[in-house]
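Any value given below was found using the heavy atoms of this structure, including those in side chains, with hydrogens, waters and symmetry copies removed.
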Amino acid sequence: MRGNVFGVRARGSPAGGGGAGDPYTLDFTALGSNESPISQGGVWTNASSGTGGNAALAPNQSMQIRLSADSTTRICCETGATSDYDDSLSFVPGFSGNQRVQATIYRQSGYTPSSTNHEMEIHVGCASFGNNDKRGVEFGFNYAGGYFIAGFDGDLVSWDAPPTGVMSSPWYSAATGLGSAPADGDVMRVELNRAAKTIKCWQNSTLVIDLQWNDLTHVTSAAQAVLNALGDGAGLGALRRIGGDATEGAFGWRDILISSTLLG
C-alpha cells in the first residue's frame, strides 16, 4: 500500500474538454510508428504536455507506444523502470460523466519474471493540476494476477487505499484480490459510475473489484469527498521496478476504448 495522504485540498479544476470523441478508441497494434511519450496529436495528457486544461503529469513518467520486446507487435507500455512511485501514466480528458475504460493485455509468450513488480494499470477520474499535484483512481494488477484499486490525490506518494489504514475489501483488494494471471488477449474493464458512486473492475467477464464509495464502512468521508470530485480524464499506466528480470515491452496494452456508456 502506498502513502496515506488521501484528502481534499482546495485548488482549481481543469477546464475540461479534450476533443477526443466518445467513444475514443485506439488500436496500438495497428499503428505504423512508435511514439514516446504518447500524444496522438495532443489528445493524451502525459509527463511533458497537458491537454484539456490539465497540467503535465511530471514527475510521473509517461506511457509510450513501441514495438514489443520480441518485435512481434506494437503496444503501449511504460517508458522506464522506477524505484519510487513515479509510475508511467497518461490519460485522455473530456469524459466528465460516467467512464468505461477497457483495454486488451499484451503479454509476451512465456513471460514470467521472478519479481511481481511489473504491473499494468487502468486510470479513471484523472485530473492534473500542476506542481506534482494530481487526482484519480487506479486499478492495477501484476503479471501473477494480484489486483488492487487505489486512489491518489496529491504528489507522487499521495496514494492510499481507503479506509485509511484498514486493508478491507472491496476498496483495497491486493491482500484478497488474487485472480487469474492475466493472459495475452485478456480484456480488462473499469467502470466509474458517478451517480451510483461505484467503481467496478472486470477481467474478461469476471468482476474482480466492486467498490461502493458512499459506504463509510469501507471508505472514509475524506476519501468520499475526493471520489465525488474526480476529474474527466481516463487512461493507462504501468509500473516496472528497477532491478530484477522484468522486461520493458514484454507486458503492456494492445488497445484502449474510453466511453461514457457503461455495460455493467
**Q** Would you say that Lys134 contacts Leu57 through its side chain, given a criterion of any heavy-atom pair below 4.5 Å between the two side chains?
**A** yes
**Q** Are Asn60 and Phe152 close enough that some pair of their side-chain heavy atoms sits under 4.5 Å apart?
**A** no
**Q** Distance-only, no hydrogens or angles: does the Asp186 side chain make a donor-acceptor pair with backbone N or O of Pro182 under 3.5 Å?
**A** no
**Q** Working to the nearest 0.5 angstrom, can you tell me the gap between Phe141 CZ and Met120 CE?
**A** 7.0 Å
**Q** With side chains defined as the heavy atoms from C-beta onward, is the minimum distance between Thr82 and Leu239 less than 4.5 Å?
**A** yes
**Q** Any side-chain heavy-atom pair from Thr72 and Tyr106 closer than 4.5 angstrom?
**A** yes
**Q** Do the side chains of Arg240 and Asp87 get nearer than 4.5 Å, heavy atoms only?
**A** no
**Q** Counting only N and O atoms by type, is there a donor-acceptor contact under 3.5 Å from the side chain of Asp255 to the main-chain atoms of Ala103?
**A** no
**Q** Would Asn98 and Arg194 count as having a side-chain donor-acceptor pair, cut-off 3.5 Å?
**A** no
**Q** How about Lys200 and Asn193: does a side-chain donor come under 3.5 Å of a side-chain acceptor?
**A** no
**Q** Indicate whether the side chain of Tyr147 and that of Gln203 have a donor and an acceptor atom separated by less than 3.5 Å.
**A** yes
**Q** Determine, for Arg254 against Asp184, whether the closest basic-nitrogen to carboxylate-oxygen distance falls under 4.0 angstrom.
**A** yes
**Q** Is a donor on one side and an acceptor on the other found under 3.5 Å between the side chain of Asp133 and the backbone of Gly130?
**A** no
**Q** So how far is it from Glu121 CD to Met188 CE, rounded to the nearest 0.5 Å?
**A** 12.0 Å
**Q** Testing the 3.5 Å rule here: is there a donor-acceptor pair between the side chains of Gln64 and Glu35?
**A** no
**Q** Pairing donors with acceptors under 3.5 angstrom, does anything connect the side chains of Asp27 and Thr29?
**A** yes
**Q** Within the side chain of Tyr143, is there an N or O that forms a donor-acceptor pair under 3.5 Å with the backbone of Pro113?
**A** yes
**Q** Given 3.5 Å as the limit, does a donor-acceptor pair link the side chain of Thr79 with the main chain of Ser62, or not?
**A** yes
**Q** Are Trp253 and Ile105 side-chain neighbours, meaning at least one heavy-atom pair lies under 4.5 Å?
**A** yes
**Q** How about Ser260 and Asp22: does a side-chain donor come under 3.5 Å of a side-chain acceptor?
**A** yes
**Q** If hydrophobic clusters are built from ILVMFWY residues whose side chains come within less than 4.5 Å, do Ile256 and Met63 share one?
**A** yes
**Q** Is there side-chain contact between Arg74 and Ile65, with heavy atoms separated by less than 4.5 Å?
**A** yes
**Q** Rounded to the nearest 0.5 Å, how far does CD of Gln212 lie from NZ of Lys197?
**A** 9.0 Å
**Q** For Tyr111 and His118, take the angle between the two ring planes, folded into 0 to 90°, and tell me which bin it lands in: parallel under 30, tilted 30 to 60, perpendicular over 60.
**A** perpendicular
**Q** Could you check Phe28 against Leu236 for side chain to side chain contact (heavy atoms under 4.5 Å, CB included), going step by step and ending with a plain yes or no?
**A** CA-CA 12 Å; Phe28 303 115; Leu236 299 173; 4.0 Å; yes
**Q** Taking side-chain contact (heavy atoms from CB on, under 4.5 Å) as the criterion, tell me which of Asp210, Val124, Ile209 meets it with Ile149.
**A** Ile209
**Q** Could you grab the distance from atom CD of Glu248 to atom OG of Ser88, nearest 0.5 Å is fine?
**A** 8.5 Å
